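Reading through the structure tokens given below for one structure.
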Amino acid sequence: MDNQHIVRLVRNNLVHQQLWNDVEEAKLVDTNLWVLRGLPSHKLSNDDPQLEHEWILPVELSQYKPGKLTLELMDKIFSELECRRVTLGIANDDGTVVYYFIYKGLHKPKRN
Amino acid sequence: MVSSKVAIVLLQGDGEAGTPLVFDIESIQKLRSIGVAGILTGTLPSATQQNAFLSVPLRLMAEEALWLVEKQLGYLVHGDQMVHTAAGAIRAEGMKEARDELERSFEAQREFKRQQHHEKLRRLGVKDECRAEAETDYSRLLESSLFVETCDSSTLISQRQREFDKPEIQARLAQQLRTGCKSQGDFHVYKTLREQGYFLSPGSRFGGRFIAYPGDPLRYHSHMTVQPAMDYRKDPLDLLQVVSGGRLGTGVKKLWVVGGVKDNDSTEDESERVSFFSVEWAGFG
């Protein structure tokens, strides 16, 4: 999977639309994927103890091409980042970005 | 009890893998205590629209039935065959025995009611001479108040059922049930979740393969909508499904869960056969 071409798009969305701080790009060693790391403008979930840096994996949603993100790949990403959740930054083909948490293993729904 | 295993009746139409049903109430209680709730489907012919208070039989998912067989907690019974052989085995002596049994039950009821009746008359101080003619009226009333007991389970059938609990028959019936499943991976997903203590029910209401409850569904809300099993190495996540499932799941306070099943031939530990990920809308964007 190659996500280099959408890293900039997702980064811009985080910085300018979601108003995140310290957004940095990084390349993973094992999978050659690009990830982003940044600090949200506010706490993302009531279950989080405090405001923390989040890992974002930019992925492209294409209506015409099959996806490449297998669960094996997700496992590799989790083992390299050593974090409890990764946020998928899904870049749609109209240029908008939506964000989804992925937790490794089974997780309880968040409290409202 | 001769066998504490639960008899699961496989009802098969022509060329169908079959629907696993449980008819015995004690068995249904037992299943619930081991974390298999199933769905009650029995209804009355006169109230077929009624669906809030359904009764036996309990319908199981194919994965549930297969898991119970694998764990030696249950055994499959060929429904048609069993009923036919049981019905064919009824002889005149058996019928007479049943009639005698019914007559004995009637006699016991008459005896009990007469005694109650006499005691009541004595308490009210009714004299013996007035009673003679009232007695025939009372006997007629008594006859029409006798109960015929309807048993929860049939002894005739429960004997026949046990004859199916042999390894070669079980292997054959389980194989038939397995061929009716769309994906073998779903069984591993079911098994892994079940053995972690989750109660599972069919998930089509929320657009998944299973719904997982952290305990008995009467006590807990479900936590997860589990998607059909994926191949751990080959199947990519469908991002359109991540979006639709994640949005819907978060809307109904459930996590959208995917499980990837690793190949059979790998030497991995059975408990690490399935790798799960939980998806939830991040709350922004």
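Nothing here was measured: the structure is a model prediction, and the numbers come from that model. Chain naming here is simple, since letters A, B, ... match the order of the sequence lines and numbering starts at 1 in each.
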*Any side-chain heavy-atom pair from A/K104 and B/S275 closer than 4.5 angstrom?*
yes
*Given a strict heavy-atom distance threshold of 4.5 Å, which part of A/K108 is in contact with chain B: side chain, backbone, both, or neither?*
both
*Looking at A/V98, A/T96, A/T70, A/L88, which has the largest count of heavy-atom pairs under 4.5 Å with chain B?*
A/T70
*asked:* For the interface with chain B, which of A/L73, A/T87, A/V97, A/L106 has the highest count of heavy-atom pairs at distances below 4.5 Å?
replied: A/L106
*Might you confirm whether atom CD of B/E168 has over 12 heavy atoms from other residues, nucleotides or ligands at distances under 6.0 Å?*
yes
*Considering all heavy atoms, the nearest A/G67-B/P236 contact*: O-CB, 3.2 Å
*Checking heavy atoms, do the side chain of B/V279, its backbone, both or neither come under 4.5 Å from chain A?*
both
*Closest heavy-atom contact between B/S278 and A/G105?*
OG-O, 2.6 Å
*To the nearest 0.5 angstrom, please state how far the NE2 atom of A/H107 sits from the CE atom of B/M224.*
12.0 Å
_Greater than 12 external heavy atoms within 6.0 Å of A/R85's CZ_ = yes
*Out of B/V243, B/L193, B/V258, B/D231, which one racks up the most heavy-atom pairs below 4.5 Å with chain A?*
B/V243
*asked:* Show me the pairs that pass salt bridge (Lys or Arg N to Asp or Glu O under 4.0 Å) and involve residues 179-188 of chain B, at least two apart or across chains.
replied: B/D186-B/R209
_Using side-chain heavy atoms (C-beta onward) and a distance below 4.5 Å, is A/Y100 in contact with B/W256?_
no
*CG of A/N13 to CZ of B/F284: how many Å apart, nearest 0.5 Å?*
8.5 Å
*Any chance you could measure A/M74, atom CE, to B/Y232, atom OH, to the nearest 0.5 Å?*
10.5 Å
*Structural part of A/E60 lying under 4.5 Å from a heavy atom of chain B*: backbone
_At a 4.5 Å cut-off on heavy atoms, which part of A/D75 comes close to chain B: side chain, backbone, both, or neither?_
both
*Give, as side chain, backbone, both or neither, the part of A/I90 having an atom under 4.5 angstrom from any heavy atom of chain B.*
side chain
*Closest approach of A/F101 to B/W281 (non-hydrogen atoms, all atoms of both residues)*: CD1-O, 4.2 Å
*Roughly how far, to the nearest 0.5 Å, is CG of B/D238 from CG of A/L61?*
7.5 Å
*Are side-chain heavy atoms of A/I102 and B/V242 found at a separation under 4.5 Å?*
no
*Under 4.5 Å heavy-atom distance to chain A, tell me which part of B/V226 shows up: side chain, backbone, both or neither.*
neither
*asked:* Quick check on A/K43: does its NZ atom have over 12 non-hydrogen neighbours (other residues, nucleotides or ligands) under 6.0 Å away?
replied: yes
*Scan for side-chain hydrogen bond (donor to acceptor under 3.5 Å, both in side chains) pairs involving residues 217-227 of chain B, sequence neighbours excluded, and state none if there are none.*
B/S222-B/K254
*asked:* Just verifying a value: how many Å separate A/D47 CG and B/E280 CD, rounded to the nearest 0.5 Å?
replied: 8.0 Å
